[in-house]
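Working notes, beginning with the structure itself.
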Amino acid sequence: MAPSFSSPTKFSSFSLLLISITMLYQANGQAPLQTTLVFYLQDIARGPNATVAPVTGINGRDWTYDQFGTIFAIDDPVMLSPSPLSAPVGRAQGLLVVSAHDGANVNAVLSIVFTNLQYSGSTLEIQGVSRQREDYKELSVVSGTGRFRFARGYAAFETAFYDAETAHSIIRLTIILRQS
């Protein structure tokens, strides 16, 4: 007949086994890999080649960047350097929603869709509140696909150039990723 163990003994043995497996996994696991990527978004807000445009808002109000309730669609080229003629690596596609009553914040949901050879077919998913009146903005990298599957980190947006006459902005996008 097999020895029988009481319930507390079974529970203690099982708990010790789980703790041992967890410690072994952590000891043999690798440190997360950190990657820094720097790109430039070419953002054009007016004209026939606009890459950002309001799609809806509150009836009877202007659909502007500081008007609560306005939603914008984005499809910015993502480049390797600030030059509009530099090598494209993909597109920044998504939505901006003016989510603060005073217009100070927009909620951004943005996919970086890669088309270059190195990352083709991969995406990075960025989400969070962008404080419009600040020069430096950080949003969360919440996921990715392809080469960036399970990616986590943050994305820093900084305006590198702005021409008010043409409404053309060049935005430096620095992405810090931690992948396990």
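Computed from a prediction, not measured in an experiment: that's the story for all the values here.
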Just wondering, do Pro84 and Met79 contact through their side chains at under 4.5 Å, heavy atoms? no
Which atoms form the tightest heavy-atom contact between Ala108 and Leu139, and what is the distance? CB-CD2, 3.6 Å
Are the side chains of Ser140 and Gln127 in touch, meaning some heavy atoms are under 4.5 Å apart? no
Of Thr51, Asp76, Asp75, the residue whose pairing with Gln93 passes side-chain hydrogen bond (donor to acceptor under 3.5 Å, both in side chains): Asp75
Given side chains that start at C-beta, do those of Val106 and Val97 come closer than 4.5 Å, heavy atoms only? no
Treating Ile, Leu, Val, Met, Phe, Trp and Tyr as nodes and any side-chain heavy-atom pair under 4.5 angstrom as an edge, say whether Ile112 and Val52 lie in one connected cluster. yes
Any heavy-atom pair between the side chains of Val142 and Ile126 that's under 4.5 Å? no
In this structure, CD of Glu158 is separated from CD of Glu134 (nearest 0.5 Å) by 12.0 Å
Just by distance, with hydrogens left out, do Thr64 and Asp62 show a side-chain donor and acceptor under 3.5 Å apart? no
Output for pair (Glu125 CD, Thr145 OG1), nearest 0.5 Å, gives 6.5 Å
Applying the 4.5 Å side-chain criterion to the ILVMFWY set and letting contacts propagate, would Val141 and Phe157 be lumped into a single cluster? yes
Return yes if some donor-acceptor pair links the side-chain N/O of Ser83 with the main-chain N/O of Leu85 below 3.5 Å, else return no. yes
Does atom CG (Asp135) have a neighbourhood of more than 12 heavy atoms from anything else shown, all under 6.0 Å? no
Looking only at heavy atoms, what is the nearest atom pair of Arg133 and Asp102, with distance? NH2-O, 3.2 Å
Does the Arg46 side chain pair with the main chain of Glu165, one donor and one acceptor, at a distance under 3.5 Å? yes
At their closest point, which heavy atom of Leu110 faces which heavy atom of Gly94, and how far apart are they? CD1-N, 4.0 Å
Flag yes if Leu80 and Phe114 sit in one hydrophobic cluster, no otherwise; membership is Ile, Leu, Val, Met, Phe, Trp, Tyr, and two members link when side-chain heavy atoms are under 4.5 Å apart. yes
Within the 4.5 Å heavy-atom criterion, are Leu95 and Ile71 side-chain neighbours or not? yes
Are Phe161 and Tyr40 near enough that their ring centres are under 6.0 Å apart? no
Taking Ser86 for the side chain and Ser81 for the main chain, is one N or O donor matched with an acceptor at less than 3.5 Å? yes
Do Phe72 and Trp63 come close enough that some side-chain heavy atom pair is under 4.5 Å? no
Interatomic distance, CZ@Phe39 vs CG@Asn116, rounded to 0.5 Å, equals 7.0 Å
Heavy-atom side-chain proximity of Gln118 to Arg147 below 4.5 angstrom: yes
Determine whether Ser130 and Glu138 satisfy the following criterion, side-chain contact (heavy atoms from CB on, under 4.5 Å), listing intermediate values before the conclusion. CA-CA 7 Å; Ser130 176; Glu138 279 187 12; over 6 Å; no
State whether the side chain of Gln67 and the backbone N or O of Val98 hold a donor-acceptor pair below 3.5 Å, judged by distance alone. no
Looking at OG1 of Thr159 and NZ of Lys137, how far apart are the two atoms once the value is rounded to the nearest 0.5 Å? 5.0 Å
Under a 4.5 Å cut-off applied to non-hydrogen side-chain atoms, are Ile170 and Tyr162 in contact? no
Transitively linked via ILVMFWY side-chain contacts under 4.5 Å: Ile171 with Ile44? no
What distance do Asn107 atom CG and Leu96 atom CG have between them, rounded to the nearest 0.5 Å? 9.0 Å
Strictly under 6.0 Å, is that where the ring centroids of Phe148 and Tyr119 end up? yes
Please say yes or no: joined through hydrophobic side-chain contacts below 4.5 Å, possibly via intermediate residues, are Leu41 and Leu37 part of one cluster? yes
Distance check, rounded to the nearest 0.5 Å: Leu177 atom CG versus Thr35 atom OG1? 6.0 Å
Looking only at atom types and distance, does a side-chain atom of Thr123 sit under 3.5 Å from a main-chain N or O of Ser111, one as donor and one as acceptor? no
